[in-house]
There are 2 protein chains.
Amino acid sequence: MPNATPATAHNALLLDQQLCFALYSSSLAMTKLYKPLLEPLGLTYPQYLVLLVLWEGDGCMVSELGERLYLDSGTLTPLLKRMQTAGWLQRQRDSDDERRVRVYLTEAGRQLREQAAAIPACVLAHSQCTVQELQALTQQIQQLRSRLAAPLPAAS
Amino acid sequence: MPNATPATAHNALLLDQQLCFALYSSSLAMTKLYKPLLEPLGLTYPQYLVLLVLWEGDGCMVSELGERLYLDSGTLTPLLKRMQTAGWLQRQRDSDDERRVRVYLTEAGRQLREQAAAIPACVLAHSQCTVQELQALTQQIQQLRSRLAAPLPAAS
DNA sequence: CCCAATTAAGTTGCACGCAATTTAATTGAG
DNA sequence: CTCAATTAAATTGCGTGCAACTTAATTGGG
């Protein structure tokens with residue numbers, strides 16, 4: 001039995017009251033839920049996110065992918081290389097500006113979309129929520145994200 | 001300009017409608033918010049989570065820490081070794097059952113708590129929410145986590 | 001008592017995330 | 001036009017997460 005919490009415990013530091021931990025552990029749980037759904041497609045979860053962006057429109061720069069996914073080139077470059085090796089996409093230097101690398105889906109990458117189409121319904125089923133409830137929660141979490149990412153407003 | 005989405009786009013696959021991505025990106029944003037708050041203490045974010053558990057009561061087994069944090073020994077063992085090297089905790093084999101390793105805070109680890117006490121208020125300020133709003137959101141996300149982690153109920 | 005099964009940590013290998021740095025291309029002030 | 005500053009990716013190094021496996025200790029059926 002672990003040693004008991006002293007009476008001086010500061011409530012704000014209790015693990016199960018922390019929003020940060022709820023987010024962190026739920027995000028990991030979500031990734032674990034996706035794993036068996038993505039394994040048959042040969043995708044990891046971050047690779048799936050890249051495809052979600054590319055399926056909306058490919059030919060974007062690495063930095064645009066990064067803005068969309070909140071990831072930097074240090075994460076994306078090796079991830080995109082692995083996806084290119086797997087045959088889902090092509091990376092091409094932009095001839096107008098050789099610093100840029102544009103990312104294009106291959107036919108195989110485009111066709112993965114149909115297999116992925118069944119995934120959202122699986123997640124919905126697991127959540128035991130209505131579509132409306134999930135949308136509302138998604139929006140709340142998006143709003144939180146935008147506030148967390150912003151600098152603290154100056155106390156005018 | 002990236003290629004446009006075809007009219008056949010399946011709405012459920014749009015990145016910004018995905019709860020999974022909202023969770024994922026918000027969790028990363030939260031970690032980035034904590035980073036400058038934890039850096040002065042010499043802690044990473046997962047290390048801080050371990051301390052939250054230990055501050056509630058130390059002497060627990062590695063597996064108990066893992067149940068609490070939803071992490072396995074493959075993650076915790078090296079992380080705890082680094083924290084021991086840093087001087088925050090001690091790992092000791094349980095003499096009653098030599099398979100078990102119990103984790104104890106050092107005096108330095110116990111004292112970190114006072115410096116950490118200021119952190120929740122910083123996060124609250126960034127969230128621009130009331131305590132009540134944050135509690136409600138935390139509970140919703142915890143409920144989602146429990147559902148995601150559970151196997152799909154059999155369709156009786 | 002014995003040994004097969006179980007259990008708790010630890011190890012290995014791989015894919016992220018991200019800070020810090022490097023490389024290469026482009027821009028723009030003078 | 002020139003070169004310092006800027007920009008876009010890529011690289012390096014480190015700390016997670018986690019699957020798969022190994023090691024060592026304990027348990028329990030016969």
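So you know, we letter chains A, B, ... as the sequences are listed, proteins then strands, and number each from 1.
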Original post:
Within this structure, what is the CG-to-P distance between A:D94 and D:dA9, rounded to whole angstrom?
Top reply: 9 Å
Original post:
Counting only side-chain N and O atoms of B:R99, is one of them less than 4.0 Å from OP1 or OP2 of D:dT27?
Top reply: no
**OP:** Extract, from 5' to 3' on DNA chain C, the first and final nucleotides lying under 4.0 angstrom from some heavy atom of chain A.
**Re:** C:dA15 to C:dT26
**OP:** Could you say whether A:P46 or B:S63 is positioned toward the 5' end of DNA chain C, judged by the nucleotide with the nearest heavy atom to each?
**Re:** B:S63
**OP:** Specify the closest pair of heavy atoms between A:L76 and A:V62, including all atoms of both residues, with the distance to one decimal.
**Re:** CD1-O, 3.7 Å
**OP:** Give, ordered by number, those residues of residues 15-33 of chain B having at least one heavy-atom distance below 4.0 Å to an atom of DNA chain C; if nothing qualifies, reply none.
**Re:** B:Y24, B:L28, B:K32
Subject >> Interface residues of residues 36-45 of chain B with DNA chain C (non-hydrogen, below 4.0 angstrom) >> reply: none
Original post:
Can you tell me how far C1' of D:dT16 sits from CD of B:Q47, to the nearest Å?
Top reply: 10 Å
Subject >> Whole angstrom value for the distance that separates C1' of D:dA8 from CD of A:E67 >> reply: 11 Å
**OP:** Return the residues of residues 71-87 of chain A meeting this criterion: a heavy atom under 4.0 Å from some atom of DNA chain C. Order them by number, or give none.
**Re:** A:L71, A:D72, A:G74, A:T75, A:L79, A:R82
**OP:** Mind checking salt bridge (Lys or Arg N to Asp or Glu O under 4.0 Å) for A:R145 and listing every partner two or more places apart, or none if nothing turns up?
**Re:** none
Indicate every side-chain donor-acceptor pair of residues 103-110 of chain A with a distance under 3.5 Å to a residue at least two apart or in another chain.
unit_1	atom_1	unit_2	atom_2	d
A:T106	OG1	A:G87	O	2.6
A:T106	OG1	A:W88	O	3.0
A:T106	OG1	A:A108	N	3.4
A:T106	OG1	A:G109	N	3.1
A:E107	OE2	A:Q111	NE2	3.4
A:R110	NH2	A:D58	OD2	3.4

